[in-house]
Amino acid sequence: MMEPVLTIVVPCYNEEDVLPETMYQLQTVLKDLIHDSLIAMQSKILFVDDGSKDRTWELIYKEGLRNDFVRGLKLSRNVGHQNALLAGLFTAKEQSDCIVSIDADLQDDIKIIRDFIMKFREGYEIVYGVRKGRESDTWFKRCTAQAFYKVMNKMGVDLVYNHADFRLMSNRAVKELERFNEVNLFLRGMVPLLGFRSDLVYYDRLERQAGKTKYPLKKMLGFAFDGITSFSISPIRFVLMTGFVSFFMSLLFGGYFLALKFFGRTETGWTSLITSIWLIGGLQLIAIGLVGEYIGKIYKETKHRPKYIVDIDSFTIPRLSNHPLIQSKEDGNGGLDFLKVSETHK
Ligand code: UDP
Ligand code: MG
């Protein structure tokens, strides 16, 4: 079997504190894999700078100039983790047989990239990294994350439990993912929809190595809400059901109050009236708000805006060093032979 070309995609937003360490460690992994003939020499690490305001791009760019394993992609502005990741996947797919995505902060165990590759070589097209526990998280993050998976599951969204965006995808899977034209991105929900042969690999999640989290509570809630409304219509079903329930309740109460009237006790009072007005008013507001949410999504989808705009691709910049690895890249078949092998596998 010809060795597959691997690209490791790393979205980075203001990661200057951790980036040097990440570059070093990922390279070590890559070199080991190449040394053991598990992946091809042309394998790379693609750092996507998601409009950072610190020295992130400078670090990526400089490393890319002197290091042939490193490639950099600078987005023109901050588009968020999911979009930056997608920019990386789509850019990497041209040159890669398989792509691993991983966060810049080294929270995910880079050693299991080897397991990803083994699975890929066995013919799996999507391999999910699943964290065993959440000991390294704060109590709060643990609870909110757990609640998130529960709610998503209840709403019928097919998520891999405790899997974030640490995964391997085959070239083919990424190409298919590209056909999902939606603007509201929630990759964790989209990847299982691809339906290719997949497997899980378990690992212990570590602490963030340096720098601060880029997902404060506000972003986390927004992310969860996006995930729900992009993948499920159960919130709106829920509103509909509540509407029905309150309708039948009001019929019952109506009957009850009529009965009271006929038995001569008409002073049913102002309280029940005002309460029901507020109740119904509130329900209507919620319903309208939710409908508005979906219409907002439809509105965004119909625009088909590009999800990201590439500013600089370090591949298009002349190189300072001419490493032999770069020359050996053009071997004619561009790794396609390998793809054929993996297809006959199934
Ligand atoms: N990230 C990004 N764009 C953003 C926010 C985050 O590319 O707007 C990247 C970030 O650099 C990191 C990954 O997404 O590599 C995950 O972010 P972080 O580790 O801060 O999230 P957490 O692990 O705390 O949920
Ligand atoms: Mg993190």
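Each ligand, and each atom within it, is numbered from 1 in the order the structure gives. Just so you know, these numbers use all the heavy atoms, side chains as well, and skip hydrogens, waters and symmetry mates.
No hydrogens or angles considered: a donor-acceptor pair under 3.5 Å links the side chains of Gln27 and Asn67. Using modelled atom types and a 3.5 Å distance limit, the side chains of Asn78 and Asp50 yield a donor-acceptor pair.
Protein residues are said to neighbour a ligand when one of their heavy atoms lies under 4.0 Å from it; for ligand 1 these are Pro11, Cys12, Tyr13, Glu15, Asp50, Asn78, Gly80, His81, Asp103, Ala104, Asp105, Gln107, Lys141, Arg205, Arg208, Thr213, Lys214, Tyr215, Lys219.
None of Arg55, Lys53, Lys214 except one satisfies the salt bridge (Lys or Arg N to Asp or Glu O under 4.0 Å) rule with Glu15; the exception is Lys214.
Glu176 and Arg179 are joined by a salt bridge, as a carboxylate oxygen and a charged side-chain nitrogen come within less than 4.0 angstrom of each other. Contact check on Arg71 versus Asp313 returns a salt bridge, with a Lys/Arg side-chain nitrogen under 4.0 Å from an Asp/Glu carboxylate oxygen.
Judged by distance alone, the side chain of Asp105 and the main-chain N or O of Gln209 form no donor-acceptor pair under 3.5 Å. Within the 3.5 Å criterion, the main-chain N or O of Phe166 finds no donor-acceptor partner in the side chain of Asp108.
Atom CZ of Phe120 and atom CD1 of Ile99 lie 9.5 Å apart (nearest 0.5 Å).
Around the Mg ion (ligand 2), the protein contributes the following N, O or S atoms at distances under 2.8 Å: Asp105 OD2, Gln107 OE1.
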Full working for side chain to side chain contact (heavy atoms under 4.5 Å, CB included) between Ile34 and Phe69: CA-CA 11 Å; Ile34 291 173; Phe69 288 122; 3.5 Å; yes

